[in-house]
Amino acid sequence: MKLSNPLSSWKARHNTTNGNGASPPASVEKHEGYDDSPLPRLTWPSFSMGVLVSMGGFIFGYDTGQISGFLGMEDFLNRFGQHHANGTAYFSDVRSGLIVAMLSIGTLFGVLIAAPIADRIGRKISIMFWCCIFSVGMIVQISATHKWYQIMLGRFVAGFGVGALSLLVPMYQAETAPRHIRGALISTYQLMITFGIFLAAVFNYAAERHQKGKKASWQITMGLSFVFAAILGVGIIFFPETPRYDYRKGKIDKARQTMTRIYGVPDNHYSVHYELEEIRVKLEAESIKISPWQEWYSMFFAPKMAYRIALGMGLQMFQQLTGANYFFYYGTVIFQGTGINNSFVTQMILNGINFGTTFYGLYIIEHYGRRKSLMAGSAWMFICFMIFASVGHFSLDRDTPHNTPKSARAMIVFACFFIFGFATTWGPMIWTICGELYPSRYRAKAMALSTASNWLWNFLLAFFTPFITGDIDFRYGYVFAACNVLAGIGIYFFVIEGQGRTLEEIDTMYLLGVKPWESAKWVVPPLEQMSGKMRRNIEEANPEKAIERGLNEGGEGSVQRAEGPETEHKEQ
């Protein structure tokens with residue numbers, strides 16, 4: 001019996017010109033002089049690029065996961081904690097809050113300054129630079145002996161690198177990945193975050209078990225951070241600069257070579273020429289030089305941009321207010337309070353669920369839509385937190401948790417249910433929506449603001465959680481439950497469904513004021529049928545729309561100009 005090659009049959013089912021894949025505009029037609037063959041769904045260069053660059057998300061997740069375990073380690077507690085009169089070590093709310101949350105303050109600054117630096121020296125070199133900054137922060141921490149504020153300051157410095165990478169990683173992927181797999185590659189960033197959190201829990205458990213009471217118990221886990229930063233910082237050397245950055249610097253041939261390699265097509269493929277034409281039009285539209293402050297100022301007064309900036313920042317805020325980091329940052333301490341004998345094992349289980357179920361989240365985002373999935377996730381997480389908080393406050397014996405083992409187990413179960421809901425909906429989908437929310441002209445700056453909102457609320461929750469739980473114990477879960485209700489309502493009234501839409505279609509829907517609850521079935525009218533003012537607004541925010549108009553009016557000639565900007569741009 002002859003067996004067929006499953007990889008070959010998969011590629012045949014998933015090329016970009018059949019019903020399963022998206023194709024670049026007009027690429028399904030025949031264009032004389034160009035290669036019109038179907039684009040490969042996935043190539044080794046695009047796959048390896050996605051995995052390697054997403055290591056920036058792994059670094060963030062690994063750092064998040066390790067600090068939760070450190071707070072419960074015997075040696076870490078004795079070295080950096082405070083001591084009662086009888087010699088018992090403990091962390092005050094202020095000290096634990098500062099140690100955990102100072103990373104978020106660093107990330108807030110890092111994400112705001114990373115974009116202009118990347119525009120000046122390039123995305124590739126920027127990633128290498130911020131990996132070095134992160135490593136400096138880790139050196140400061142790992143060399144600490146008994147000064148808790150050295151740990152705090154080291155996390156602050158490392159936060160600069162983590163925050164910068166949280167912006168640069170999606171930016172590099174968006175500017176390099178083929179458009180038909182761009183969404184999946186950006187979502188890989190969240191997947192790697194969950195993998196980092198899980199792996200940190202595993203290493204924390206192993207180190208505390210075999211090195212309990214020694215400084216190696218936390219230094220081993222922390223020291224491994226250098227390995228992952230080195231993989232990204234050194235590995236990126238073997239990958240090209242993004243084609244869009246190269247094109248802006250006049251390196252058009254290099255940009256074309258990068259695209260053909262990532263796409264897996266010859267130089268004369270129509271999709272490459274089409275995308276180069278998009279880049280050319282965008283560059284010409286942005287050729288008017290104004291100061292950086294004027295760029296930021298004008299962004300807020302562009303059509304519907306203030307609304308969308310506020311929406312993106314609100315979505316990132318509610319991603320934090322779902323309560324996920326309540327478990328990720330303080331999970332080990334939380335479950336010690338329920339009387340679990342080995343809370344490191346519990347944390348490892350939670351993080352494993354978070355990582356494993358994120359794969360399912362990557363599936364449902366394109367099969368059930370953003371709006372339905374997020375609203376269902378909000379309802380699910382609301383129920384889980386209501387039960388978790390109620391059991392913790394009314395049923396658990398918080399003074400002697402071992403007297404109520406069933407209550408403790410019930411809290412663990414519903415914590416797992418909550419993580420499942422977060423990892424499949426609000427975890428990966430908010431990053432995707434924020435990537436779809438803004439027009440190309442303002443995307444980098446607007447995404448920087450929304451990401452900064454994520455880190456600001458990350459800091460506030462990390463710092464104030466010990467104080468709040470000290471006052472209201474597990475009733476803190478009711479706060480997160482209420483936030484999940486508000487988040488679900490916000491999705492219904494404000495977020496437009498982007499499933500199956502191009503970025504330009506989504507932008508048009510926001511500009512036209514389409515009602516979000518009607519957006520899934522709304523049909524975008526052709527650009528030619530819109531009013532002159534609306535057409536100008538759309539083309540101003542999305543210069544690539546002019547290409548489609550040029551194709552309709554002038555045929556293939558406008559695309560062939562992609563050959564020409566090299567000389568023109570260099571002369572400028």
Side-chain angles (χ1 to χ4, degrees), residues 64-65 67-68 71-72 91 93 96-97 100-101 104 194 197 201 316-340 343 346-347 349-351 353-354 357 374-401 403-427 430 454 457-491:
T64 299
I67 194 62
S68 173
L71 295 178
F91 277 115
D93 292 339
S96 63
V100 172
S104 301
T194 63
I197 295 174
Q316 292 284 13
M317 175 188 73
F318 276 113
Q319 188 197 51
Q320 292 297 314
L321 290 175
T322 56
N325 281 344
Y326 173 60
F327 296 108
F328 296 147
Y329 280 135
Y330 294 101
T332 304
V333 178
I334 290 170
F335 293 116
Q336 284 178 346
T338 63
I340 302 298
S343 54
T346 304
Q347 186 73 348
I349 293 173
L350 287 178
N351 293 336
I353 294 173
N354 183 39
T357 55
L374 288 170
M375 287 187 289
S378 295
W380 178 275
M381 291 185 290
F382 164 77
I383 295 172
C384 292
F385 253 126
M386 288 295 293
I387 297 175
F388 179 88
S390 298
V391 172
H393 180 69
F394 295 107
S395 179
L396 182 72
D397 185 344
R398 293 185 299 279
D399 295 325
T400 312
N403 294 337
T404 52
K406 292 183 179 180
S407 298
R409 287 195 290 269
M411 294 179 69
I412 298 296
V413 169
F414 279 95
C416 293
F417 285 158
F418 169 86
I419 296 298
F420 169 79
F422 176 81
T424 54
T425 57
W426 279 80
I430 294 304
N454 183 292
W457 284 94
N458 191 307
F459 162 74
L460 293 174
L461 289 172
F463 181 76
F464 288 109
T465 287
F467 299 96
I468 298 173
T469 54
D471 289 337
I472 62 174
D473 59 73
F474 291 105
R475 286 176 292 180
Y476 193 24
Y478 294 137
V479 176
F480 295 124
C483 290
N484 277 295
V485 173
L486 293 176
I489 294 173
I491 294 296

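No hydrogens, no waters, no symmetry mates; every other heavy atom, side chains included, goes into these values. Since this is a predicted model, take the numbers as computed values, not measurements.
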Short question: side chain of Trp380, backbone of Met375 - any donor-acceptor pair under 3.5 Å?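 Here the side-chain-to-backbone pair does not exist.
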If only atom types and distance count, is the side chain of Asn354 paired as donor or acceptor with the main-chain N or O of Ile419 below 3.5 Å?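 No, Asn354 side chain to Ile419 backbone: no donor-acceptor pair under 3.5 Å.
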Partners of [X] by side-chain hydrogen bond (donor to acceptor under 3.5 Å, both in side chains), sequence neighbours excluded?
{"X": "Ser378", "result": "Trp426"}
{"X": "Asn454", "result": "Gln316, Gln319, Gln320"}
{"X": "Thr357", "result": "none"}

Mutual orientation of the aromatic rings belonging to Tyr326 and Phe385 [parallel < 30°, tilted 30-60°, perpendicular > 60°]: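 The arrangement is tilted - the two ring planes meet at 30° to 60°.
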Under the side chain to side chain contact (heavy atoms under 4.5 Å, CB included) rule, collect the residues that match up with [X], sequence neighbours excluded.
{"X": "Val485", "value": "Phe382, Ile489"}
{"X": "Leu321", "value": "Met317, Phe318, Trp457, Leu461, Cys483"}
{"X": "Ile383", "value": "Ile387"}

With side chain to side chain contact (heavy atoms under 4.5 Å, CB included) as the test, would you mind laying out the steps for Met411 and Phe474 before giving the verdict? CA-CA 10 Å; Met411 294 179 69; Phe474 291 105; 3.5 Å; yes
Starting at CG of Leu374, measure out to OG1 of Thr425 and round the result to the nearest 0.5 Å.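 If we round to the nearest 0.5 Å, Leu374:CG and Thr425:OG1 are 6.0 Å apart.
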Between Phe418 and Phe414, is a ring pair (Phe, Tyr, Trp, His ring centres under 6.0 Å) present by the stated rule, with each step listed? CA-CA 6 Å; Phe418 169 86; Phe414 279 95; over 10 Å; no
If we only count heavy atoms from C-beta on, is the Cys384 to Phe388 side-chain gap below 4.5 Å?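 Cys384 does not reach Phe388 side chain to side chain.
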